[in-house]
Every structure is written in C-alpha cells, then in structure tokens.
Amino acid sequence: MPFKSLYDCCINAKSIDYCYHCIEYRVCWSQYYRFKTSYLCNMSFFKTARPYIIAGPCSAETREQVMAVAAELAGMNVQLMRAGVWKPRTRPGAFEGNSQPALEWLQEVKQTYNLPVTTEVADTNHLELALKYGIDVIWIGARTVVNPFQVQRLADALRGTNIPVMVKNPVSPDVDLWQGAIERFEKAGITSVADIHRGFSGYTAAVGYRNQPNWPIPIELKRRKPELTMIGDPSHISGKRVRVAEVAQKALDMHFDGLMIETHPDPDAAWSDAAQQVTPAQLRTILSQLIVREETTRDMSGQEQLEYLRQSMDSLDAEILDLVARRMELSGQIGNVKKSCNMTVFQPSRWSEIVDGLCARSNMHGLSKDFVTELYQKIHNESIRIQLSVMEDAPKEIKK
Ligand code: PEP
Ligand code: MN
C-alpha cells in the first residue's frame with residue numbers, strides 16, 4: 001500500500017523497512033524515485049541534476065497564480081518549485097503569506113504536475129503543517145538562520161524525517177553561523193542538505209545589488225564542506241530582474257551546483273519582491289543561455305597550458321611569501337630603532353605616504369586601488385603587531 005506523501009512514508013517506516021516501502025512507493029508512484037535513491041544510496045536529493053534548478057514565485061499569492069506558474073515550470077528543466085507560504089517581511093503591514101491554503105495549492109501542484117515543491121519554514125508550527133501537506137523540501141530563510149535556538153528547534157523537529165533541507169546564508173556575512181546551522185540539520189540525521197547563497201545585507205549595499213554577494217564567503221563554505229550542494233539565489237542578490245542572468249552565470253562560474261530563481265506569471269504585480277522576479281518565458285531564456293562549465297577538462301592541450309601556468313603561479317606565490325617574510329624582518333628591525341629612539345609604532349603620515357605610493361604603482365600595473373589598499377592593510381597590520389611585540393620585549397641589538 002503506497003504512502004500518500006513523503007511525510008507518511010517517513011513517519012511510518014524508520015528502519016530498513018522504510019527503504020523497502022520506498023521501493024514499493026517507487027513502483028506505484030514513479031515520481032518518488034528520487035526519494036528512494038537519496039535514502040537508500042545515501043545520495044543527496046539535490047545531486048539529480050546539474051545545475052539543479054529551483055524556480056517559482058516569491059510568495060504563493062492565489063491558487064491561479066501558483067497553478068499558472070507550475071504549468072509553465074513543469075515543461076522546463078526545473079527540478080523543484082518554490083513558493084513562500086509564510087513570508088518574513090522587514091516591516092509590518094506587508095503581505096505575510098497565505099499559510100495553510102497555500103500549502104493546499106502546492107499539494108495540488110505535486111499531484112497535477114509531478115513537480116516536487118519547497119517552501120520556507122521559520123518555526124515548528126510551520127514545519128508541522130508543511131510536512132502534513134507533503135512539502136518535499138523545506139528551506140530555512142536568512143532571517144531564521146541567524147538564530148541558533150530557532151534553528152535547533154527546527155532541526156530537533158525534523159529528526160527522523162530525513163526531509164531534504166536548504167539553508168540560506170544568514171543576513172550577515174558570518175560563515176561560521178551558516179555552517180553551524182547546516183550542521184544542526186546534519187546532526188539531526190538529515191542526509192540531503194543544500195546551502196543557498198542569497199547575499200548579505202549591508203548598511204551600504206554594494207552598487208547594483210540588493211544583497212552583497214561577497215563571494216569569498218560561500219567559497220569558504222564550499223572549501224569547508226565540499227560535499228554540500230551549493231545553490232545560488234541571483235534573485236535576492238541582484239534585487240532586479242535585469243541582473244538575474246548575469247549573477248546566475250557568475251554563480252555557475254564559481255562552481256555552484258544549482259540556482260533558485262524567483263518566477264512569477266506577472267512579476268510587476270507580485271505581492272512581494274516584484275522588482276526581482278522574472279516571467280516563465282524570461283526564465284526559459286535565462287536557462288537556455290547559461291553556460292555550464294566543468295571543474296576539470298579532458299582537453300590535453302588545455303591541461304598542458306594550465307599545468308604550465310599553474311607551475312609559474314606557484315613559484316610566484318612562493319616568491320611573494322619569501323618577500324613578505326623579508327619585509328616582516330625589516331619591520332622588526334624598524335621596531336627596534338623606534339624603540340631605542342622612543343618613537344611611536346604607528347606614524348599616520350608614513351602610512352599615508354605608503355598608501356599613496358602604492359596607489360600610484362597599482363595604477364601603473366592596472367591593479368585595482370581597493371585591492372592593493374586592502375592587501376597592504378593586512379601587511380601593515382602584521383607589521384604593527386610585530387613592532388608592538390618588539391616594544392614589549394627587552395631591547396635587542398639593531399642589525400646593520
Ligand atoms: C525568499 O526566498 O523569498 C526569502 C524570503 O528569502 P531570504 O530568506 O533570502 O530573505
Ligand atoms: Mn523573495
């Protein structure tokens with residue numbers, strides 16, 4: 001007897017029987033094949049396509065809107081449909097989602113189009129309802145991820161279900177907090193976890209973005225947890241539909257595994273995030289123009305060129321480090337002189353002189369001023385640290 005939803009399947013069978021039931025389930029309900037593979041083979045639910053595409057409206061507004069977008073997405077290479085049912089709004093008075101009726105519409109999408117569905121849950125009541133209505137995947141929003149108590153409550157409530165979970169980055173660029181939230185779900189036994197990069201809030205947003213992409217943060221998360229599926233959310237990063245394609249491509253070029261793109265039948269009339277949603281026709285164009293690159297190549301000449309260039313780069317990196325070490329040695333010697341002459345470690349005029357000189361030089365080389373200033377700020381901080389420790393030490397002989 002097949003279960004009616006993944007929720008039934010999960011709560012009714014928790015041991016090896018569970019996999020057996022899932023096989024039965026697959027025979028009867030072929031659309032659930034993916035669940036079987038992820039549970040039986042321990043393969044991530046999200047590894048079924050590359051790129052893994054999630055699309056759908058910011059919010060589930062009406063039954064008609066949800067079904068209209070689903071009808072379009074079902075005919076595209078989209079693996080999962082998204083729609084917000086509970087909307088975390090920045091200020092009160094805005095549309096906060098349709099709750100339970102919207103879950104019924106998503107259930108109808110599953111039944112009609114055989115398209116798995118996902119929604120955001122922010123508390124255990126949301127989660128209970130989402131599971132009851134057979135939501136296939138849940139996501140945790142940026143504003144919830146900042147609260148470890150709330151994340152832990154959700155993780156505890158999910159224990160034993162093995163529902164795939166997607167964790168958006170917290171609003172602040174804190175890679176440890178993001179990683180911590182992911183690990184709470186992993187520790188609760190969730191084997192399919194994906195992370196979603198939706199950009200970071202800032203008092204001064206980087207020009208042209210709603211949320212700053214700050215790419216080094218998701219790249220660091222990927223370094224720490226390479227097995228995770230990393231989804232880019234170009235809609236919330238860009239905040240405007242004209243930039244969605246460009247940010248989506250950038251995410252793929254950064255080795256992201258998938259994309260979440262907000263899609264609405266009539267974006268300008270959307271009840272939330274109107275400026276950033278695209279129409280299904282625009283989504284089709286974006287998807288058809290994406291270039292999916294591989295991490296490695298079988299092209300022998302490409303491999304040889306890369307090998308040569310990488311070796312040259314490695315030897316330059318070694319030289320850079322040797323030079324930095326020599327510079328730090330000089331810093332220590334300067335510290336000794338300053339100490340014996342009773343001078344302060346930091347001289348603002350000298351630092352301005354260094355920065356001005358470097359900016360002129362970076363211009364000559366076509367390097368960005370911001371990059372060079374940031375790089376030297378790090379080097380200068382280390383110099384100051386060394387000189388401060390010299391000041392605290394017993395006097396040393398000054399090397400000639
Ligand atoms: C959303 O995906 O519509 C949403 C509310 O996202 P975030 O949590 O990234 O703000
Ligand atoms: Mn949105």
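Counting starts at 1 for both ligands and their atoms, in listed order. This one's a predicted model, so the numbers in the text were calculated from it and none came from an experiment. Along the sequence shown, residues are numbered consecutively beginning with 1.
Not a single heavy atom of Met260 lies less than 4.0 angstrom from ligand 1. Residue Cys58 places a heavy atom less than 4.0 Å from ligand 1.
For the residue pair Arg184 / Gln152, a side-chain donor-acceptor distance below 3.5 Å is found, with atom types taken as modelled. In summary, the side chains of Asn162 and Thr191 do present a donor paired with an acceptor at a separation below 3.5 Å, with no hydrogens or angles considered. In this structure, a donor-acceptor pair under 3.5 Å is absent between the side chains of Arg82 and Thr263.
Taking the six-membered ring wherever Trp is involved, the centroid distance between the rings of Tyr376 and Trp351 does not fall below 6.0 Å. His236 and Tyr209 have their aromatic ring centers separated by at least 6.0 angstrom.
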Exercise for the section: List the steps and the verdict of salt bridge (Lys or Arg N to Asp or Glu O under 4.0 Å) for Lys225 and Glu183. Expected result: CA-CA 10 Å; Lys225 299 187 80 66; Glu183 286 170 352; 3.5 Å; yes
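Short contacts between ligand 1 and Gly141, defined as distances under 4.0 Å to a heavy atom of the residue, involve ligand atoms 8 (O). Interface of Lys87 with ligand 1, defined as ligand atoms under 4.0 Å from a residue heavy atom, comprises 1 (C), 3 (O), 5 (C). Of all the atoms in ligand 1, the ones that sit under 4.0 Å from a non-hydrogen atom of Arg143 are 10 (O).
For the pair Glu120 and ligand 1, the shortest N or O to N or O distance does not fall below 3.5 Å. Remark: ligand 1 and Asp273 share no N or O pair separated by less than 3.5 Å (distance only, no angle test). For ligand 1, the polar-atom distance check against His236 finds a nitrogen or oxygen pair separated by under 3.5 Å.
Heavy-atom proximity to atom 8 (O) of ligand 1, evaluated over Ser272, Pro170, Ala142, is greatest for Ala142.
Angle NE2(His236) to the Mn ion (ligand 2) to SG(Cys58): 170° [nearest 10 degrees]. Rounded to 10 degrees, the OE2-metal-OD2 angle spanning Glu262 and Asp273 at the Mn ion (ligand 2) equals 130°.
At a threshold of 4.0 Å, the pair Lys222-Asp257 counts as salt-bridged, since one of the basic side-chain nitrogens sits closer than that to a carboxylate oxygen. Salt bridge present: Asp268 and Arg241 bring a charged side-chain N and a carboxylate O closer than 4.0 Å.
Other residues, nucleotides and ligands contribute only 12 or fewer heavy atoms inside 6.0 Å of the NZ atom of Lys250.
For atom 10 (O) of ligand 1, the closest non-hydrogen atom on the protein side is Arg198 NH2, 2.9 Å. Counting protein heavy atoms only, atom 6 (O) of ligand 1 is closest to Lys168 NZ, 2.9 Å.
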